[in-house]
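As structure tokens, the structure follows; a few thoughts come after it.
Lettering of chains follows the sequences in order, A, B, ..., and the numbering in each one begins at 1. Keep in mind the model is a prediction, meaning the values are calculated, not measured.
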Amino acid sequence: MKISKKTWIEIRGMTFVYFLLLEVLLIATLQYWPQIREALEKNTGVFVNLMPGDFLKRIVRGMANKSPDFAYRAYIATEQFFRSVNIVGIAAAVLLGTGTIARERENRTLEFLLSRPVKRSSILWSKTWCLMLAVTIPIFLSSATIIPITKMLGFPYQLEWGPIFLASFHGCLFVLLFLLIAISASTLFRAQVHVAFFVGGLIVTEVGIYFIKGLRETSLFMLSDFDVYMPILAGNRSALSIFFTWDLWLLLAILLLYWFTLHRFKKMDL
Amino acid sequence: MKPSSHKALLQAEGLSKAFNGTPVLRDLDLEIEQGACLGLVGPNGTGKSTLFRCLLGLVHLDEGRVCLGDGHIPGNSLGIRKAASFLPGENTLYDFLKGREVLDFGLSFYSRMDPEVEELCAQAFPLPLEQKVRTYSAGMKQQLALRIALSPEVPLLILDEPDKALDPNLREILHSILHRLREKGRTLFLATHHLDDLDTIAEDVTFLIHGKLLRGEAITPTRKRLEQRVRVQLREGCSLPPLPQGVSVHAYPQGFVLDPPPTLPPNELAALLLPLDPIRLEFGKPPLLELYQALKNHGKDQAP
């Protein structure tokens, strides 16, 4: 609890800014939906033709769907989950995760911390769960405001809490995967900037692969794109099917990365 | 572990540690008796901090083991950290926290505090605890680190340069706290570069030279040889009188060091210098600094 409290004091400012960013993006995005919807309805064919990839064409078709509810859900799947969670969430996970051990090493506070009568496994766990909450709670909170904001803006669309919660849960797991990658890398390098460079490089490569036809299927971002979130928000996927299709593997990958980090941290010298 | 006639609180045997192939500690043995105050002296970069880190399990040993008291399982570094409070050699405090938060955080891992020492430290090192640590000077950070290291009620205190960045007045106060800790039966193991201070605090001193600890019998020949030396500081205008054959003379800005041959006792050599009414004339127990320099010079120690 002591280490978690210290970690929270360290990251609370960043966490608040991260939540604020998600929320501002969400509000701004939802506000412009009527104009976007109108433009898409009038020029669907033009927009679809402008899109370079099949998946982008699917997004446009989704948002131009004749059913206003479906189109609005496609818009939320794209803007909140495919864009905000993937960009802002992963950026926050990298910023927060890369410093977990590397910043302590860099600031030479690791010696002070490790010399306390506490197991290394406790240190890592205390830091990790605090960071996990810091990157996931803003996603849930921000997503939870979708329905109230929709009502406040006077939109007539029907949204349900269940699919939004499921999409948030899946988005959180995906972001946690990158948080754990960042924490693991934090035990491999001495300077936080090197960790950030490594994890940033990995993410840029993955995004690059996602946009290459033929290689796209091998990208991690296939696990968190429009084609994943749209069926969830449309209510076409049950919680169990989502869990066994994607989330179980994400959870296993997160656990594996945590095990690797713990192993590295236990073996690590100052 | 070797049997010992004294009750050892901490025993280390065959400690070896190398970094990138460069050995820092070589088959090092150490024993600290309960209630003792052992000083650690060594040149910069010889591995004093590494030794402390190895004892506490912060750095993994290549070889060797560390034991704490009776019934302690070797390799259980958590057990050692529970019984030992450590002051790191560098100011390694969280500067984004307030002084109070760092103090509470550092102490929260220990089950018991010594209220008397806690109070002593609070009086000796008054700090603006509601300010962020980043606003503290180096000396203030060291005082905060000392409050964290000295307050827990643990049998062993491992202090890496506790007097670093402290002014002479605070150093004196620190010494009085360390003396009080000794009276209370705590065991101290500390490293410092203020050798004169160490002479007054520690009852025993060990030298870390070339990855090995030199202590007790290992330094007796050097100590005995230095005990034969006569150190003299003459008044202005005075020069050394003709000296008996075999006496080697080493001149220093602060005076002369005379090495008599084994056949000439130091008191007889000193008697020859007395008529000059020197400012300083010493022989017998060598200053720690001289002993340290002689050991550091490792064989070529004809003079400090």
Side-chain angles (χ1 to χ4, degrees), chain A residues 1-18 95-96 98-127 130-131 134 186-192 261-270, chain B residues 17-20 24 49-50 52-62 68 76-98 100-112 132-134 141 144-145 148-149 152 154 156-160:
Chain A
M1 191 61 202
K2 312 145 202 169
I3 297 168
S4 307
K5 191 180 164 191
K6 193 265 307 169
T7 307
W8 172 241
I9 294 172
E10 194 175 3
I11 62 167
R12 62 189 172 188
M14 278 193 278
T15 308
F16 181 69
V17 170
Y18 159 49
L95 276 175
L96 296 171
T98 49
T100 315
I101 307 298
R103 190 165 50 241
E104 296 259 12
R105 260 180 156 182
E106 222 175 342
N107 296 343
R108 300 192 173 274
T109 48
L110 192 60
E111 184 172 21
F112 178 78
L113 185 62
L114 294 183
S115 64
R116 303 300 96 193
V118 61
K119 285 181 183 171
R120 289 193 185 196
S121 54
S122 303
I123 294 175
L124 185 67
W125 175 240
S126 304
K127 280 172 164 272
C130 189
L131 289 169
S186 190
T187 61
L188 296 173
F189 301 93
R190 285 189 171 266
Q192 189 179 358
T261 312
L262 183 61
H263 177 74
R264 278 282 313 162
F265 188 49
K266 278 184 173 178
K267 295 272 171 205
M268 202 175 81
D269 277 347
L270 275 177
Chain B
K17 180 70 189 173
F19 290 106
N20 300 323
V24 178
S49 297
T50 301
F52 289 145
R53 290 168 183 167
C54 284
L55 293 176
L56 293 161
L58 310 186
V59 163
H60 292 91
L61 292 164
D62 294 337
L68 183 86
N76 176 11
S77 59
L78 181 63
I80 295 170
R81 289 199 301 278
K82 277 182 179 168
S85 181
F86 176 55
L87 175 80
E90 292 179 43
N91 274 323
T92 53
L93 300 172
Y94 297 100
D95 59 6
F96 60 88
L97 295 176
K98 290 176 183 171
R100 166 86 52 213
E101 289 170 334
V102 172
L103 187 65
D104 291 345
F105 177 70
L107 296 177
S108 63
F109 296 91
Y110 299 92
S111 51
R112 289 181 68 187
K132 290 263 165 86
V133 172
R134 71 165 67 98
K141 284 181 186 168
L144 183 58
I148 296 168
V154 286
L156 175 64
L157 288 119
I158 298 179
L159 310 172
D160 194 356

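Within the model, atoms CG of A/Asp269 and SG of B/Cys54 stand 8.0 Å from one another, a figure rounded to the nearest 0.5 Å. Rounded to the nearest 0.5 Å, atoms CD (A/Glu104) and OG1 (B/Thr92) are 10.0 Å apart. Within the model, atoms NZ of A/Lys6 and OG of B/Ser108 stand 11.5 Å from one another, a figure rounded to the nearest 0.5 Å.
Taking 4.5 Å as the heavy-atom cut-off, the residues of residues 111-118 of chain A that approach chain B are A/Glu111, A/Phe112, A/Leu113, A/Leu114, A/Ser115, A/Arg116, A/Pro117, A/Val118, ordered by number.
The environment of A/Phe16 atom CZ is sparse: at most 12 non-hydrogen atoms of other residues, nucleotides or ligands sit within 6.0 angstrom. Heavy-atom contacts from other residues, nucleotides or ligands closer than 6.0 Å to CZ of A/Arg264 number more than 12.
Residue B/Leu97 touches chain A through its side chain alone, counting heavy-atom pairs closer than 4.5 Å. Neither the backbone nor the side chain of B/Lys98 comes within contact range of chain A; no heavy atom of the residue lies under 4.5 Å from a heavy atom of that chain.
Of all heavy-atom pairs between B/Leu58 and A/Arg120, the closest is O-NH2, 3.2 Å. The shortest heavy-atom contact between A/Met268 and B/His60 is O-CE1, 3.4 Å.
Counting heavy-atom pairs under 4.5 Å between each of B/Lys82, B/Glu101, B/Arg81, B/Glu90 and chain A puts B/Arg81 at the top. In terms of heavy-atom pairs under 4.5 Å with chain A, the best-connected choice from B/Val59, B/Asp95, B/Leu87 is B/Val59.
For B/Tyr94, the ring pair (Phe, Tyr, Trp, His ring centres under 6.0 Å) partners at least two apart in sequence or on another chain are B/Phe96, B/Phe105.
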